[in-house]
Structure formats: C-alpha cells, structure tokens
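So the structure is just underneath, and the comments pick up after that.
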Amino acid sequence: MNNFFNPSKPSPRPWPNRKKQTNKSAIFICSVSLLVVFFVVVVFFITYSEMPKSLFSISAFSGSVQFPQCRSEILTRTLIGQKFLWYAPHSGFSNQLSEFKNAVLMAGILNRTLIIPPILDHHAVALGSCPKFRVLSPSEIRISVWNHSIELLRTDRYVSMADIIDISSLVSSSAVRVIDFRYFASLLCGVDLETLCSDDLAEQSQAYESLKQCGYLLSGVRGNVDKCLYAVDEDCRTTVWTYKNGDADGRLDSFQPDEKLKKKKNLSYVRRRRDVYKTLGHGTEAESAAILAFGSLFTAPYKGSELYIDIHKSPKIKSLVEKVDFLPFVREIMSAGKKFASETIKAPFLCAQLRLLDGQFKNHRESTFMGLYQKLESLRVKNPGLINVFVMTDLPESNWNGTYLGDLSKNSTNFKLHFIGEQDEFLVRTEHELASAGHGQKFGSIPMSLDNIKKMQNHCSPHGGSNVQLYIEEAVCSCASLGFVGTAGSTIADSVEMMRKYNACSSS
C-alpha cells in the first residue's frame with residue numbers, strides 16, 4: 001500500500017545552468033545580480049507555497065475547514081467530550097509492550113483515555129538511537145505508525161495489543177480508560193468499521209480521503225489544532241519526562257551529548273528534565289486539546305539517567321506503576337504454553353532464549369553460547385542423566401550445523417532439545433482461538449452499538465499476522481523449572497524474566 005502521505009519537504013527548483021561569462025563590465029554584473037535576486041524571490045515563493053505550512057506557523061491550519069474531524073459536534077457528540085492520548089509504538093513486540101506500559105502511566109497522570117494501538121510488524125517502524133541523538137522526529141514516527149496501522153487493517157493482519165496482553169485488571173480497577181484504535185479511528189474519521197477494515201479501500205473514495213485527513217491531523221505535521229490536537233514534539237534528544245519526584249522543572253539532565261559527538265554531528269541538543277503534568281496537564285495549552293499525540297514512549301536506563309521517561313519511582317503513582325509492572329498474556333496464549341510444556345516436553349526442562357541474528361546480537365554469538373554451556377554443565381553436575389532443553393531462537397534449525405546448538409542436538413545421550421516449528425498445527429489453532437476471543441474488542445470507554453459490535457467481530461478480526469509463536473515461546477519459558485538462560489541485552493529475555501518473577505505459569 002502506498003503511504004497516505006509523504007512528510008518530506010519539496011526541494012526548491014534547481015537553478016538554470018549558466019555558462020561562465022568573461023565579460024566583467026559593471027552593467028553585466030549589475031544585471032546578473034538583479035537576475036539572481038529575482039530568481040531567489042521566485043523560488044522562495046514557489047517553495048513557500050509548496051512546503052507544509054506548519055514549518056512557518058503551527059496555527060496556519062488550525063481551523064475546522066482544514067480538519068472537519070475537529071468540528072465541535074464530532075468532539076462533543078461522537079467522542080462524547082472525552083480527552084484521548086495517542087502515541088507511536090515501534091520496533092519489536094517487547095519494545096512495544098514497554099511503550100504501552102508507559103502510555104498507561106501517562107494516560108493515568110494526565111487523566112486521558114488511552115487509544116490502544118495494534119501490534120506492529122517487527123521493525124516495521126524504527127525509532128533510531130537515542131544515545132546517538134539520531135532518531136525520527138515525533139511527527140515522522142506518528143506518520144509511519146498511522147500508515148502501518150491502516151495497512152494492517154487492509155490486509156487482515158490487525159492485532160490489538162489488548163488481543164495479546166491481558167489488560168482486564170487495569171480496566172476493571174478503573175486505573176485507566178481505554179478505547180480500541182479501530183473504533184476511535186472510525187468515530188474520528190467518520191469511516192464505517194466495515195469499510196475501515198476492508199482490503200478494497202479505493203484510493204479515490206471518500207473514506208480514503210477521510211483517513212488521509214485523519215493521518216495528517218494525528219501526525220501533527222500541520223501543527224496543533226485548537227481544542228482538537230496537541231502534538232508533543234519533545235523527544236529523547238531534548239527531554240526527560242518526570243512527575244512530582246522533587247526535580248526542579250526544566251533543570252539539565254545528567255546525560256548530555258559529549259563534546260566529541262557534538263562536534264562530529266554538529267549537534268546543539270540540550271536535554272532537560274520536565275514535569276509531564278506541569279507541561280501537558282491541568283492549566284496548560286495541551287489540556288484543552290481533545291487528543292494529545294506523543295511520538296515514541298520508549299525509555300531505558302542509560303548512563304545514570306533515563307533516555308526519555310523517568311516517572312516510575314514517583315510516589316504519586318506508585319499504585320499504578322505496580323499495576324503495569326507485569327501485564328500477563330491472555331488466557332489462550334498461557335494455556336498453549338503450559339500445554340506444550342506438560343504434553344510435549346513432559347519433564348522438567350531448561351529454557352534457552354538465544355537471539356543470534358538480529359542487530360548487535362549476531363556479534364556476540366560466542367558469549368551467548370558460552371552462557372548456555374556454563375548453565376548446562378552446572379545442571380549436569382547436579383542432575384546426572386538426560387537434560388531437556390526448550391530452545392527459542394531466531395537461528396533456523398537448518399543453520400545449526402557448526403554451532404553449539406548443532407552439537408547439542410547431536411548429543412542425544414545427554415540432551416533432548418525441544419522447539420516450536422513455524423508450521424506446528426497448534427500455532428494455527430491458537431491464532432483461531434485468539435481471533436474468536438476478540439479480547440481487544442471488549443474494552444472501550446465509548447460504548448459500541450450492536451451493529452458496530454457485529455462489524456468489529458465480522459470484519460476487523462485478524463486472519464493472520466499475529467506473532468503467536470513468540471508469545472507462546474515466552475509462556476513455555478515461564479514454566480521452565482530447571483531455569484532460564486537469556487541473551488544479554490535482549491528485551492525478550494527481560495520479558496521472560498518478568499514472567500518468571502511473577503510466577504506467570506502457575507498463576508495463570
């Protein structure tokens with residue numbers, strides 16, 4: 001699918017080629033100078049007319065004429081006056097889950113209804129590197145996420161985060177209000193759910209144009225829209241969000257670009273710690289907007305600070321932080337994982353999560369294998385006899401020869417390896433169970449009509465694209481009674497460790 005819009009700025013028209021002149025008379029020089037000035041003026045006005053007006057004024061496109069979605073009757077009647085929080089998840093599933101947890105905290109602090117996003121394809125949208133100050137701008141990443149979300153809908157691959165992660169405890173306790181992205185987009189954009197989830201959305205149709213308008217609006221490329229949208233343009237290059245933790249609002253963060261990087265990349269960024277409530281909450285310009293749009297909400301500890309969000313230790317939201325610390329998989333995934341452990345492995349086992357191909361991990365393959373080797377040798381001393389090992393890895397079995405995994409698979413006297421194949425029948429069965437359950441369709445702060453409920457069930461349920469294998473593998477690893485060996489630096493390993501910490505296998 002072609003992107004709804006391309007955020008890149010049009011380039012000025014090239015100057016016409018000129019032959020070098022040898023005549024240096026004053027009259028000629030004057031004529032050339034006037035000609036140059038004329039062309040500069042012409043090119044400026046041509047470029048100005050073509051460039052996004054938000055580059056000059058964020059209020060230039062703030063009227064409801066440009067964005068009919070922002071008409072007062074839509075905001076008050078259709079969206080019943082609620083205020084929403086949207087953000088742009090990215091990278092792999094574990095990163096997206098981490099961002100979702102941060103989004104829940106932000107929505108709770110700012111008293112906004114959280115728009116639950118889909119699970120994006122692995123690395124369909126990449127942020128970049130915060131430590132290197134090389135990231136997509138918030139508007140760019142919002143554009144990418146909007147386009148990919150619509151693509152998932154059109155290709156029957158849309159899976160909500162709430163289809164996979166159990167958020168029932170958050171909603172039932174009123175910790176946060178939520179609405180499904182599909183239903184929100186249908187309401188805001190004025191597009192029927194059946195049409196929204198269709199794979200034959202014509203590019204010249206009214207629905208297509210409405211979605212295009214919505215994409216422009218929510219991305220913030222045209223700037224803020226009074227009482228409708230406030231686009232947060234602060235990102236990890238300039239801001240660390242805090243919340244009532246004693247920080248002086250606006251003080252410098254401890255992590256700044258070093259002098260070498262500043263000179264090499266010609267950077268001028270200064271990172272400041274800002275209270276999210278004082279900046280975007282009560283009494284601010286952002287508060288009046290129906291939709292608050294963040295870019296990425298990813299953060300991680302880095303050099304004594306946080307890359308973007310440092311609110312998790314705030315005593316004011318301690319209860320909410322505890323609620324989102326661990327969000328389990330839904331029942332269907334945990335049941336499939338436990339069943340594989342009890343009916344296929346049928347014995348105590350060790351789980352080995354080996355990320356060997358992607359990014360930085362392919363350069364640390366030997367150290368990853370060494371960690372597994374040391375754990376297995378330790379188990380052999382304590383437990384003589386056959387050791388069962390469940391393997392979750394991105395290295396295809398056909399490439400195991402010549403690696404430590406290949407050696408283990410051949411040593412059937414001491415080890416028995418188990419893994420889930422991509423074509424295993426129970427993966428398909430679990431996908432069907434998840435589609436039938438439709439967990440993501442059960443939550444919403446704006447009630448659905450019976451007609452919309454039927455349309456969501458009949459037209460918006462996924463027919464593929466859900467990475468069920470990864471989720472079940474994590475569930476299996478949570479049941480590994482002989483322990484767990486993960487890949488250092490992998491967010492998947494962190495996720496499994498969290499499941500094991502909260503005894504997800506026994507408590508599900």
Side-chain angles (χ1 to χ4, degrees), residues 94 164 166 326 328-356 365 368-431 433-434 467-488 490 492-508:
S94 297
I164 303 301
D166 186 356
F326 173 63
F329 286 118
V330 294
R331 179 183 63 256
E332 290 78 6
I333 290 172
M334 290 306 305
S335 296
K338 293 166 69 174
K339 187 174 183 179
F340 184 89
S342 62
E343 297 184 7
T344 300
I345 301 178
K346 301 178 183 178
F349 67 96
L350 171 77
C351 172
Q353 182 264 334
L354 308 172
R355 192 169 177 182
L356 304 170
R365 181 179 294 191
T368 300
F369 282 142
M370 179 57 69
L372 175 59
Y373 169 79
Q374 292 173 343
K375 179 66 175 179
L376 289 175
E377 288 302 302
S378 173
L379 286 175
R380 288 184 65 190
V381 172
K382 299 177 183 178
N383 304 287
L386 186 69
I387 297 176
N388 287 272
V389 183
F390 176 72
V391 179
M392 59 178 301
T393 181
D394 54 356
L395 185 67
E397 185 186 9
S398 58
N399 293 339
W400 286 10
N401 285 337
T403 71
Y404 183 54
L405 272 179
D407 296 340
L408 288 177
S409 64
K410 295 173 184 176
N411 187 355
S412 58
T413 302
N414 296 311
F415 305 105
K416 184 176 182 179
L417 303 190
H418 307 266
F419 56 91
I420 298 174
E422 292 182 358
Q423 304 302 320
D424 282 3
E425 184 272 336
F426 85 100
L427 291 180
V428 177
R429 184 172 64 249
T430 305
E431 284 185 352
E433 291 174 356
L434 287 169
N467 194 4
V468 171
Q469 181 177 343
L470 171 64
Y471 314 141
I472 296 178
E473 286 176 338
E474 291 190 20
V476 173
C477 285
S478 73
C479 299
S481 57
L482 295 184
F484 171 69
V485 177
T487 302
S490 169
I492 296 175
D494 294 340
S495 177
V496 173
E497 293 284 14
M498 183 65 72
M499 295 177 71
R500 295 175 62 81
K501 173 184 173 182
Y502 281 88
N503 297 313
C505 182
S506 58
S507 61
S508 297

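Below, each value reflects all heavy atoms present in this structure, side chains not excepted, and no hydrogens, waters or symmetry copies.
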ask   = Side chain of D424, backbone of G421: donor and acceptor closer than 3.5 Å?
value = yes

Taking every non-hydrogen atom, the tightest pair across V381 and P384 = O-CD, 4.2 Å

ask   = Does atom CZ of R500 have more than 12 heavy-atom neighbours, drawn from other residues, nucleotides or ligands, at distances under 6.0 Å?
value = yes

note = So CE of M498 and OG of S478: to nearest 0.5 Å the spacing works out to 13.5 Å

note = Here the gap from F426 atom CZ to E433 atom CD, rounded to the nearest 0.5 Å, amounts to 11.0 Å

request  = With rounding to the nearest 0.5 Å, note down the distance linking CD in E474 to OG in S94.
outcome  = 5.0 Å

remark   = Here the pair of heavy atoms bringing F484 nearest to A493 is CE2-O, 3.9 Å

message = Are there over 12 heavy-atom neighbours, none belonging to E377, within less than 6.0 Å of that residue's CD?
response = yes

query = Just by modelled atom types, is the C505 backbone N or O under 3.5 Å from a matching donor or acceptor in the K338 side chain?
reply = yes

ask   = Say you draw a straight line from SG of C479 to NZ of K339; how long is it, rounded to the nearest 0.5 Å?
value = 14.0 Å

inquiry  = Using side chain to side chain contact (heavy atoms under 4.5 Å, CB included), reason through V476 and F349 one step at a time and then give a plain yes or no.
reply    = CA-CA 10 Å; V476 173; F349 67 96; 3.9 Å; yes

Under 3.5 Å: donor-acceptor pair, side chain of R355, backbone of T368 = no

message = With a 3.5 Å distance limit and no angle check, can you tell me whether S378 reaches the backbone of Q374 through a side-chain donor-acceptor pair?
response = no

query = Hey, does the side chain of S335 reach the backbone of E332 with a donor-acceptor pair shorter than 3.5 angstrom?
reply = no

query = Under the side chain to side chain contact (heavy atoms under 4.5 Å, CB included) criterion, do L470 and M392 qualify, and how do the steps go?
reply = CA-CA 8 Å; L470 171 64; M392 59 178 301; 4.0 Å; yes

task = Side-chain contact test, heavy atoms from C-beta onward, threshold under 4.5 Å: evaluate it for L408 versus V389 and give yes or no.
result = no

task = Could you list all the side chain to side chain donor-acceptor pair (under 3.5 Å) pairs where at least one residue sits in residues 384-404, not counting sequence neighbours?
result = N388-H418

query = Between I164 and I333, is any pair of side-chain heavy atoms under 4.5 Å apart?
reply = yes

inquiry  = How long is the straight-line distance from CG of L386 back to NZ of K416, given to the nearest 0.5 Å?
reply    = 7.5 Å

query = Under the side chain to side chain contact (heavy atoms under 4.5 Å, CB included) criterion, do L376 and N414 qualify, and how do the steps go?
reply = CA-CA 10 Å; L376 289 175; N414 296 311; over 6 Å; no

query = Is the number of heavy atoms from other residues, nucleotides or ligands within 6.0 Å of CD (E422) greater than 12?
reply = no

inquiry  = Are the side chains of Q469 and F419 in contact, using a 4.5 Å heavy-atom criterion?
reply    = no

ask   = Taking all atoms of both residues into account, what is the closest heavy-atom pair of G406 and S409, and its distance?
value = O-OG, 2.7 Å

query = Is a donor on one side and an acceptor on the other found under 3.5 Å between the side chain of Q353 and the backbone of T487?
reply = yes

task = Give a yes or no on whether the backbone of V468 and the side-chain of E431 come within a donor-acceptor separation of less than 3.5 Å.
result = no

task = Would you give the length of the straight line joining atom CZ of F326 to atom OH of Y502, rounded to the nearest 0.5 angstrom?
result = 8.5 Å

request  = Show your working on side chain to side chain contact (heavy atoms under 4.5 Å, CB included) between T430 and I472 and close with a plain yes or no.
outcome  = CA-CA 9 Å; T430 305; I472 296 178; 3.8 Å; yes

